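Shown next, in structure tokens, is the structure this report addresses.
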Amino acid sequence: FSLPLKGTLASVKSLSMDMVNEYMNKRLATSSILIVIQSSDPDKIGKIVKKECKSMSKRDSHQQGSPVFNDVHKHAFQLTQPVGVVMRIDPIKKNKKTLNNYVRMQLVDALLSGMRYPSGLLHQRLRGNQLVYVVHTLHMRWEGQDMLFTYALTDRSNVGTVTTMIDEAFNEIQTTVSQAQFDLAKAQVLFNFQNTRQNMSLKGTDMMYHYQTFGRITTQDEMKKELNEIQIQDVLNYATDYLERPYIFKFNG
């Protein structure tokens, strides 16, 4: 899928497994080692670590005990007003696993709350009017079911208003999307794809998802082509045809 950087192939071609093992053994025998254990049962883990370290050469060691918390670092917080929470789950109907449907779903996501950007209808209206601390929509899978999950944190007195405005935003993307909104959503979806593929901690998972879902690893050119071909009406149709009856949960309202 990708080629090594210039020069690296020639640099490692002469290496053998024995040479790598020899180097690692020397490092283990001479290097200082600091082991930090974070566990509900550190003594149990410590015994396992000591057993594994017996094969290493002896060296000066110092074992530090468990950390002691200083009262200076303890803080007490008193919350007089619980935060209001609004959560909305929109199950996505079973559909043919195509790149076209996947991209349309991502455009709906971007139109609602932006993708890697604080934009979209929900951010503009809810955060723009200082009604929420945070609001976002994202694609999730739970027990094999695709869904759009929307959550908002607000004051208790605003739970009803925020719920109504979230419902209005979902209704709007089924009927009215401007060209400016659509162009921005397309740019965000493409940027999200590019950024994910450049991030080593996300790249593998994303490529595996595409392979398992579409039978191949989607390239950037394929993503661009799909985005160029999708029109506003395609996204309106997707929001109307594939989003099932939502489930709404409200807390502290």
Side-chain angles (χ1 to χ4, degrees), residues 1-21 23-25 27-28 31 33-39 45 48-49 52 87 89-120 134-151 184-230 235 238 242-243:
F1 184 77
S2 61
L3 297 175
L5 299 176
K6 184 178 180 181
T8 57
L9 185 60
S11 302
V12 301
K13 192 172 183 180
S14 61
L15 293 179
S16 67
M17 182 62 71
D18 289 339
M19 295 168 65
V20 175
N21 288 334
Y23 171 79
M24 292 302 298
N25 289 332
R27 290 300 303 268
L28 287 173
S31 300
I33 298 176
L34 174 64
I35 300 175
V36 179
I37 299 174
Q38 181 178 346
S39 169
I45 303 300
I48 296 174
V49 172
E52 294 298 325
M87 297 190 303
I89 298 174
D90 288 78
I92 299 174
K93 291 181 181 178
K94 297 289 184 181
N95 57 75
K96 188 177 181 181
K97 300 296 185 181
T98 64
L99 184 61
N100 180 272
N101 278 338
Y102 175 73
V103 173
R104 288 195 292 169
M105 180 271 296
Q106 289 211 314
L107 287 170
V108 168
D109 181 343
L111 288 167
L112 286 167
S113 68
M115 190 165 283
R116 294 187 180 272
Y117 294 94
S119 62
V134 63
V135 60
H136 200 62
T137 297
L138 66 158
H139 169 227
M140 294 185 66
R141 282 181 61 82
W142 186 41
E143 295 187 349
Q145 172 70 58
D146 287 291
M147 65 187 70
L148 286 178
F149 175 62
T150 303
Y151 62 91
L184 177 59
K186 279 189 172 184
Q188 290 178 342
V189 169
L190 179 59
F191 175 78
N192 179 67
F193 178 86
Q194 294 169 329
N195 192 75
T196 300
R197 289 296 173 86
Q198 292 170 4
N199 187 321
M200 294 305 296
S201 64
L202 301 174
K203 179 178 180 179
T205 303
D206 183 72
M207 290 169 62
M208 183 61 69
Y209 174 83
H210 279 256
Y211 183 78
Q212 291 178 334
T213 306
F214 312 121
R216 68 181 189 282
I217 298 174
T218 306
T219 66
Q220 180 171 292
D221 287 341
E222 288 174 325
M223 195 70 173
K224 287 181 177 179
K225 181 176 182 295
E226 203 67 55
L227 283 167
N228 288 335
E229 293 178 353
I230 291 177
V235 177
Y238 183 90
Y242 286 100
L243 297 185

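Note that the structure is predicted; figures quoted are calculated from it, not measured. Both backbone and side-chain heavy atoms feed into the values below; hydrogens, waters and symmetry mates do not.
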Review point. If every non-hydrogen atom of Tyr238 is compared with every non-hydrogen atom of Asn101, which pair is closest and at what distance?
Key: CE1-O, 3.7 Å
Review point. For the atom pair CD1 (Ile48) and CD1 (Ile37), what is the distance rounded to the nearest 0.5 Å?
Key: 9.0 Å
Point to revise | Where Glu226 and Leu99 come nearest, the two heavy atoms and their spacing | key: OE1-CD2, 3.9 Å
Review point. For Asp146, what residues pass the salt bridge (charged side-chain N to carboxylate O under 4.0 Å, His left out) criterion, not counting sequence neighbours?
Key: Lys97, Arg141
Exercise for review: Write down the atom of Met115, the atom of Gln188, and the distance for their closest heavy-atom approach.
Suggested key: N-OE1, 3.3 Å
Study note, to complete from the structure: Minimal heavy-atom distance between Thr218 and Phe193, with the atoms involved, is O-CZ, 3.5 Å
Check your understanding: Which is it for His139 and Met105 under the side chain to side chain contact (heavy atoms under 4.5 Å, CB included) test, yes or no, and what are the steps along the way?
Key -> CA-CA 8 Å; His139 169 227; Met105 180 271 296; 3.5 Å; yes
Point to revise | Approximate separation, where rounding is to 0.5 Å, of Thr213 OG1 and Met208 CE | key: 11.0 Å
Practice item. Can you sort out the partners of Pro91 under side-chain contact (heavy atoms from CB on, under 4.5 Å), two or more places apart, ordered by chain and number? Key: Ile89, Gln145, Glu244, Tyr247
Check your understanding: Can you list the residues that meet the side-chain contact (heavy atoms from CB on, under 4.5 Å) rule with Thr196, with sequence neighbours excluded?
Key -> Arg116, Asn192, Leu202, Asp206
Point to revise | Any residue meeting side-chain hydrogen bond (donor to acceptor under 3.5 Å, both in side chains) with Tyr151, in chain and number order, not counting sequence neighbours | key: none
Check your understanding: Is it true that a side-chain atom of Ser113 and a backbone atom of Thr137 form a donor plus acceptor pair closer than 3.5 Å?
Key -> yes
Check your understanding: For the atom pair NE2 (His210) and OG1 (Thr205), what is the distance rounded to the nearest 0.5 Å?
Key -> 11.5 Å
Practice item. Go through the steps to decide whether Tyr102 and Phe214 satisfy the test side chain to side chain contact (heavy atoms under 4.5 Å, CB included), and finish with yes or no. Key: CA-CA 10 Å; Tyr102 175 73; Phe214 312 121; 3.5 Å; yes
Revision key, fill the gap. Value for CG (Leu190) from CG (Asn195), rounded to nearest 0.5 Å, stands at 11.0 Å
Exercise for review: Could you tell me which residues satisfy salt bridge (charged side-chain N to carboxylate O under 4.0 Å, His left out) with Lys225, sequence neighbours excluded, listed by chain and number?
Suggested key: Glu229
Point to revise | Partners meeting side-chain hydrogen bond (donor to acceptor under 3.5 Å, both in side chains) with Tyr209 (sequence neighbours left out) | key: none
Study note, to complete from the structure: Rounded to the nearest 0.5 Å, the CD1 atom of Ile217 sits from the CE atom of Met207 at a distance of 3.5 Å
Check your understanding: Given Leu138 and Leu148, is the side chain to side chain contact (heavy atoms under 4.5 Å, CB included) satisfied, shown in steps?
Key -> CA-CA 6 Å; Leu138 66 158; Leu148 286 178; over 6 Å; no
Review point. Taking all non-hydrogen atoms of both residues, which atom of Gln106 and which atom of Val189 are closest, and how far apart?
Key: OE1-CG1, 3.5 Å
Review point. For the residue pair Lys203 and Arg197, what are the closest heavy atoms and their distance?
Key: CD-O, 3.2 Å
